[in-house]
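Data first, discussion second: the structure below is written as structure tokens.
What you see is a predicted model; the values in this text were computed from it and never measured.
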Amino acid sequence: MGKTLKDELQQEVDRRRTFAIISHPDAGKTTLTEKLLLFGGAIRMAGSVKARKASRHATSDWMEIEKQRGISVTSSVMQFDYLGHRVNILDTPGHQDFSEDTYRTLTAADSAVMLIDVAKGVEAQTIKLFQVCRKRGIPIFTFINKLDREGRSPFELLEEIEQVLGIRSVPMNWPIGMGRELCGVYDRMNSQVELFQGNDHQKIEVRKVDDYNDAVIREMAGEFLHDQLCGELELLDVAGDPFDYEKVSKGELTPVFFGSAVNNFGVQTFLESFLKLAPKPAPRNSTDGPIEPTGEKFSGYVFKIQANMNPAHRDRIAFLRICSGRFERGMGVKHVRVGKDIKLSQPQQFLAQDRDIVETAYPGDIIGLFDPGIFRIGDSLSQSGEITFDELPVFSPEIFAKVTVKNALKHKQYQKGIDQLTEEGTIQVFRTAGGFEDTILGVVGQLQFEVFEYRMKGEYGVDIQLHRMPYQFARWIVDDKVDPSKYRINSTLVTDKKGNYVALFENEYAMRTAMDKNPSSKFLETAP
């Protein structure tokens with residue numbers, strides 16, 4: 001008897017793992033991503049991320065401005081196979097100025113890997129990203145990186161994770177020494193030691209031991225380090241949290257792994273444990289209730305739009321997370337928001353800047369759809385009528401600028417650029433309410449303005465000028481009647497692209513005053 005579609009879907013969903021890596025800038029995220037791709041055979045040589053002037057740039061950084069500044073600006077997606085699993089990594093910008101794109105990308109992941117620098121611990125950007133994952137209740141796995149350098153004590157780091165992030169942790173392995181003294185990690189779950197061999201980790205050397213008291217470790221690490229290891233692990237056995245799969249899957253307990261991505265140390269063991277423990281694609285909430293990944297009708301939603309991934313073709317790609325059913329190239333689906341049937345004819349999958357046309361894909365996979373300008377972030381596509389997936393969050397901008405075009409004849413290109421970059425979520429656009437209309441841009445971080453200016457010039461041939469404005473807060477106003485005259489002191493009233501009223505405030509005092517003066521109005525942090 002042949003396999004039914006239901007069986008095929010179950011099998012494909014079971015083997016998929018879709019996750020995002022979250023971290024502060026410089027914690028080593030691009031290096032870790034590359035080493036994971038290396039194990040999957042997806043790339044043959046890990047790009048030297050440190051040599052920013054070198055011609056070899058990290059596989060996941062493709063935009064010119066990223067190469068100049070050595071940071072990941074846009075979230076890309078990479079796919080590879082490893083030990084029977086199909087792995088989708090969503091690479092998210094670590095730079096705090098790109099939080100909005102990153103936050104939305106996290107909605108497409110089923111779990112997250114939190115990367116922490118052994119010397120710096122939990123940093124500001126990690127906290128923000130962690131909170132987004134926590135709100136969604138997705139499992140979080142922690143990789144404490146750069147063990148080959150001097151850093152803080154493992155206990156101090158675990159305590160910080162608990163106090164700053166409010167999540168309990170369970171170390172899956174434990175370092176034997178650190179920095180120059182590093183000689184290995186003890187795997188608590190499998191009673192074995194992985195040896196540190198400096199820069200040469202072509203082949204991983206693992207030794208089975210009875211437990212951490214084993215003489216093999218004493219011989220390898222010396223008396224001092226072995227005594228230290230025994231003392232620390234005895235304490236963990238008594239006072240630490242036991243491993244609890246249920247708590248991990250609810251995002252209440254994070255398994256912690258120690259290693260050094262740049263030396264390839266501890267990365268393979270981490271990947272193998274992660275693939276065993278991380279969740280497969282889960283049901284997604286929609287207007288029709290939860291949509292099961294094994295449902296036979298295809299559905300998915302757009303979580304990101306990227307224009308000009310290939311400047312030679314001026315193309316726009318909409319990134320779609322598949323939620324249910326089997327995707328087939330050329331299939332017809334309903335574009336729910338516009339109420340039209342469309343054909344998905346040029347689907348692509350990515351390994352950073354390399355793309356392949358994809359014939360079939362399954363729930364958990366991310367595919368890129370050629371976008372002639374019909375998609376918006378949050379759009380749902382479905383084979384079975386009117387399914388709409390839960391709205392993707394729009395975050396409140398914190399930095400504002402008035403924008404003007406240097407050459408008035410370029411108005412058409414300027415308008416096109418503004419429209420496309422707004423749809424991508426690079427910027428939010430507001431118009432001043434009443435009287436002469438100024439265009440005001442809002443972003444979550446300063447670097448977004450730089451990218452906006454750079455792309456307007458490079459991709460649309462338009463020189464613009466940005467004039468910073470003193471506002472710090474945006475609040476969407478919900479009321480039957482909004483009176484612009486009440487928003488004149490340290491504030492201004494604008495409208496967003498859907499025509500909703502938004503008040504911009506210079507400080508918290510101005511915002512509180514407006515709230516007191518307008519008791520019937522609701523002031524929302526995100527668009528209604």
Side-chain angles (χ1 to χ4, degrees), residues 1-20 40 42 77-90 105 107-111 275 278-305 317-351 354-371 374-375 378-390 392:
M1 232 179 78
K3 246 193 339 183
T4 65
L5 177 58
K6 193 93 178 147
D7 294 340
E8 181 188 333
L9 283 168
Q10 189 66 60
Q11 189 181 342
E12 292 295 339
V13 167
D14 286 349
R15 74 187 199 95
R16 272 166 173 69
R17 300 289 183 269
T18 302
F19 67 97
V77 53
M78 286 150 282
Q79 188 179 61
F80 64 90
D81 290 321
Y82 188 73
L83 296 184
H85 289 288
R86 171 62 57 95
V87 183
N88 293 298
I89 302 181
L90 293 162
T105 296
T107 65
D110 298 309
S111 59
L275 293 176
K280 60 189 183 188
R284 296 269 156 172
N285 290 329
S286 78
T287 45
D288 287 18
I291 301 294
E292 290 292 336
T294 50
E296 295 186 14
K297 298 277 193 208
F298 168 84
S299 69
Y301 64 91
V302 173
F303 66 92
K304 171 185 171 62
I305 292 173
I317 300 288
F319 287 81
L320 184 93
R321 154 85 195 209
I322 300 176
C323 299
S324 66
R326 179 175 65 200
F327 169 85
E328 287 169 5
R329 178 182 174 185
M331 74 192 300
V333 295
K334 181 150 196 178
H335 185 333
V336 179
R337 177 177 55 81
V338 295
K340 275 190 183 152
D341 291 328
I342 58 169
K343 253 194 162 43
L344 304 179
S345 54
Q346 283 185 303
Q348 300 175 332
Q349 273 174 327
F350 301 88
L351 170 71
D354 300 332
R355 303 190 224 170
D356 296 317
I357 292 291
V358 55
E359 298 296 335
T360 54
Y362 295 90
D365 287 343
I366 310 293
I367 54 173
L369 302 173
F370 174 72
D371 178 16
I374 58 171
F375 295 121
D379 278 352
S380 300
L381 303 181
S382 154
Q383 265 183 327
S384 57
E386 300 292 316
I387 290 175
T388 304
F389 289 98
D390 283 3
L392 291 189

Are the side chain of N88 and the backbone of G364 linked by a donor-acceptor contact shorter than 3.5 Å?
yes
Whether D365 side chain and Y362 backbone form a donor-acceptor pair below 3.5 Å
yes
Sub-3.5 Å donor-acceptor pair from the side chain of S299 to the main-chain atoms of C323, do we have one?
no
Side chain to side chain contact (heavy atoms under 4.5 Å, CB included) for K340 and K334? Distances and angles first, verdict last.
CA-CA 6 Å; K340 275 190 183 152; K334 181 150 196 178; over 6 Å; no
Do the non-hydrogen side-chain atoms of S286 and T388 ever get within less than 4.5 Å of each other?
no
K6/E296 salt bridge by N-O under 4.0 Å criterion:
no
Looking at side-chain heavy atoms only, is the closest gap between F370 and L344 below 4.5 Å?
no
For Q10, does its backbone N or O pair with a side-chain atom of T294 as donor and acceptor, under 3.5 Å?
no
From CG (D371) to CG (L320), nearest 0.5 Å
11.5 Å
OG1-CD distance between T18 and Q79, expressed to the nearest 0.5 angstrom:
8.0 Å
Before giving the answer on side chain to side chain contact (heavy atoms under 4.5 Å, CB included), spell out for D341 and V333 the whole-Å C-alpha distance, their side-chain angles and the decisive distance to 0.1 Å.
CA-CA 6 Å; D341 291 328; V333 295; over 6 Å; no
Indicate yes or no: at least one non-hydrogen side-chain atom of F389 is less than 4.5 angstrom from one of R321.
no
Backbone N or O of G84 within a donor-acceptor pair of the D81 side chain at under 3.5 Å?
no
Are R86 and R17 packed together at the side-chain level, in the sense that at least one heavy-atom pair is separated by less than 4.5 angstrom?
no
Got a second to check how far R329's CZ is from I367's CD1, nearest 0.5 Å?
12.0 Å
Would you compute the distance between atom CG of D390 and atom CG of N285 and round it to the nearest 0.5 angstrom?
5.0 Å
Would you please test I305 and F375 for side chain to side chain contact (heavy atoms under 4.5 Å, CB included) and show each step?
CA-CA 8 Å; I305 292 173; F375 295 121; 4.2 Å; yes
E12 backbone acceptor or donor facing R16 side chain under 3.5 Å
yes
Would a 4.5 Å heavy-atom cut-off, applied to side chains only, mark R15 and K280 as touching?
no
Can you see which heavy atom on P293 is nearest to which on P281, and at what distance?
CG-O, 3.5 Å
Do I89 and F19 have side-chain heavy atoms sitting under 4.5 Å apart?
yes
With a 4.5 Å cut-off on side-chain heavy atoms, are S324 and I291 touching?
yes
For a quick test of reading the model, state the closest non-hydrogen atom pair linking P363 to L9 and the distance between them.
CD-CD2, 4.1 Å
So, the side chain of H335 versus the backbone of I374: is there a donor-acceptor pair under 3.5 Å, distance only?
yes
Under 4.5 Å between any side-chain heavy atoms of I322 and F298, yes or no?
yes
Any sub-3.5 Å donor-acceptor pair from R337's side-chain atoms to D379's backbone N or O?
no
Straight-line distance of L90 CG to I366 CD1, nearest 0.5 Å:
5.0 Å
Steps toward side chain to side chain contact (heavy atoms under 4.5 Å, CB included) verdict (L381, L369):
CA-CA 11 Å; L381 303 181; L369 302 173; 3.7 Å; yes
